Amino acid sequence: MPTKLYSSIFPSIFFLSLIFLFLYSTFLPLYTNNDSSSLPTNKFLPSSSPPCNLFKGRWVLNSTKGKPFYDDTCPFHRNAWNCLKNKRDNMGIINSWKWVPKDCKLERVDPWRFLGLMRNRNIGFVGDSLNENFLVSFLCILRVADEGAKKWKKKGAWRGAYFPKYNVTVAYHRAVLLAKYKWNPKQSVVSDEDELKGIYRVDVDILADEWSSIADFYHVLVFNTGHWWGYDKFPKETPLVFYRHGRPISPPLGLLDGFKVVLENMVHHIQKEVPKNTLKFWRLQSPRHFYGGDWNQNGSCLFDRPLEEDQLDLWFDPSNNGVNKEARTLNHLIKEAVQGTDIQLLDLTHLSEFRADAHPAIWLGKKDAVSIWGQDCMHWCLPGLPDTWVDILVQLIHNSFET
């Protein structure tokens with residue numbers, strides 16, 4: 001009798017045990033995954049919360065801020081921006097201001113970690129000299145992680161560096177309008193009444209040669225344009241004239257309308273020709289700080305501290321017609337052009353508007369530079385503000401690649 005009972009109960013117990021093991025293995029992960037402590041610690045994990053805005057915040061004078069990664073001996077310096085070498089006043093204080101975003105934490109770049117992330121990848125900057133200013137800061141910071149870095153100028157690059165320990169190239173392609181342009185002197189000398197000396201022909205639908213064949217080389221691209229789009233660069237006697245499909249656009253476009261059409265064409269090309277998995281940024285304008293006149297009108301920027309927030313609109317709001325209003329005007333057109341694309345805005349304008357104290361000004365490294373060119377209230381001292389731009393760009397690249 002007992003043997004018969006066991007033989008009838010045992011299959012049932014065995015079957016119930018299998019059901020219990022199945023239910024346990026199925027629902028245990030659902031329970032444990034609700035415990036956040038079981039997740040790996042990674043500050044770049046994707047989150048359902050709104051993305052952090054690194055571009056809004058304030059500058060704080062921080063005496064404990066770490067020293068710049070580089071000094072006046074960095075081999076990638078450009079002399080006019082090497083403010084340590086040129087004995088610019090207050091460089092210690094200029095580099096003691098720390099950008100503190102309103103709702104997030106901005107990490108200081110770790111050159112070793114970043115180059116490790118970028119191993120076997122390349123970064124390209126395309127645009128005008130403000131992107132070159134950005135690049136020099138980037139190269140000097142990254143060099144501390146690979147002192148064997150070598151100057152690099154292939155593939156049409158204006159300048160750059162190769163980091164052999166990591167097989168990484170970072171370079172700049174000078175294309176101030178992004179579109180192709182060339183000087184056409186005046187053909188007729190019968191009448192000089194209009195004072196026209198010639199025109200700069202801009203083909204809105206053709207890329208500048210300097211970056212026309214780089215799309216497949218870079219894994220990160222940072223574009224900019226805007227600082228040459230002004231009547232100080234192209235006055236009425238040598239204006240920009242816009243062409244499409246090889247013919248002058250009719251009716252002729254003014255400067256801002258031409259800028260808008262060029263943006264549309266350049267963005268269209270980037271979306272069509274640059275690989276989808278290439279990380280693309282468009283850096284918004286770097287504000288100028290000329291006070292009392294423009295660069296060729298004895299403008300000055302001899303300031304010893306950043307502007308206050310309530311001063312910014314007086315300097316930069318277009319409705320105030322200030323000498324530095326063009327940055328915000330051009331930014332509006334850029335934002336419209338990249339809307340709906342996979343190009344990320346690198347909005348460094350606001351945080352840079354504060355820093356009237358951080359330009360080379362009269363410390364340009366050449367005896368007669370100021371008397372010839374005026375003060376430089378447009379580019380930035382290095383080390384200096386662009387180092388913060390690097391911190392932000394690197395954090396955004398980390399966010400994109402690590403998630």
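Note that the coordinates shown come from a computational prediction; the quantities given were computed from them, not determined experimentally.
Just one residue in the list R174, R283, H227, H173 forms a side-chain hydrogen bond (donor to acceptor under 3.5 Å, both in side chains) with N131, and that residue is R283.
The CG atom of L115 sits 9.0 Å away from atom NZ of K165, with the distance rounded to the nearest 0.5 Å. Here NE2 of H359 is found 10.0 Å from CZ of R288. Values are rounded to the nearest 0.5 Å.
Ring geometry for Y200 versus W183: interplanar angle of 30 to 60°, hence tilted. Ring geometry for F125 versus F138: interplanar angle over 60°, hence perpendicular rather than tilted (30 to 60°). Relative orientation of the F163 and F76 rings is tilted, given thresholds of 30° and 60° on the angle between their planes.
The environment of CZ in R119 is crowded: more than 12 heavy-atom neighbours from other residues, nucleotides or ligands sit within 6.0 Å. Around the NZ atom of K233, the shell of radius 6.0 Å holds more than 12 heavy atoms that belong to other residues, nucleotides or ligands. Applying the 6.0 Å contact sphere to CD of E273 captures more than 12 heavy atoms from other residues, nucleotides or ligands. Residue K65 qualifies as enclosed at atom NZ: its count of foreign heavy atoms under 6.0 Å is above 12. K325 NZ: more than 12 foreign heavy atoms inside a 6.0 Å radius. Around atom CH2 of W112, more than 12 heavy atoms belonging to other residues, nucleotides or ligands sit under 6.0 Å away. More than 12 heavy-atom neighbours from other residues, nucleotides or ligands sit within 6.0 angstrom of NZ on K280.
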Verify ring pair (Phe, Tyr, Trp, His ring centres under 6.0 Å) between W229 and F234, making sure each step is shown before the conclusion.
-> CA-CA 8 Å; W229 291 85; F234 301 103; 7.7 Å; no
List the steps, then state whether salt bridge (charged side-chain N to carboxylate O under 4.0 Å, His left out) holds for D203 with R244.
-> CA-CA 6 Å; D203 286 277; R244 183 190 283 117; over 6 Å; no
Please report the C-alpha distance between D368 and K366 in whole Å, then the side-chain angles of each, then the deciding distance to 0.1 Å, and finally whether the salt bridge (charged side-chain N to carboxylate O under 4.0 Å, His left out) criterion is met.
-> CA-CA 6 Å; D368 299 322; K366 290 187 177 181; over 6 Å; no
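Side-chain atoms of S129 and H379 include a donor-acceptor pair closer than 3.5 Å.
Here W59 and W99 bring their ring centres to under 6.0 angstrom of each other. Ring pair W315/F303: centre-to-centre distance below 6.0 Å. Side-chain rings of F134 and W380 stay apart, their centers remaining 6.0 Å or farther from each other. In this structure, W152 has its ring center under 6.0 Å from that of F217.
No donor-acceptor distance shorter than 3.5 angstrom exists from the side chain of D387 to the backbone of P383, with no hydrogens or angles considered. Under the 3.5 Å distance criterion, the side-chain polar atoms of W211 are matched with a main-chain donor or acceptor of L178. Between the S352 side chain and the S286 main chain, no donor and acceptor come within less than 3.5 Å of each other. A distance-only check finds no donor-acceptor pair linking the side chain of D294 to the backbone of Q297 [under 3.5 Å]. In this structure a side-chain-to-backbone donor-acceptor pair under 3.5 Å is present from N82 to D72. Listed for the N224 side chain is a donor-acceptor partner under 3.5 Å among the backbone atoms of D128. Between the side chain of Y181 and the main chain of A208, no donor-acceptor pair closer than 3.5 Å is present.
Within the 4.5 Å cutoff, no side-chain heavy atoms of V241 are placed close to those of V202.
A salt bridge links R78 with E132: at least one charged nitrogen is closer than 4.0 Å to a carboxylate oxygen. The pair D313-R328 counts as a salt bridge, with a side-chain nitrogen and a carboxylate oxygen less than 4.0 angstrom apart. In this structure, R355 pairs ionically with D357, as a charged nitrogen and a carboxylate oxygen lie closer than 4.0 Å.
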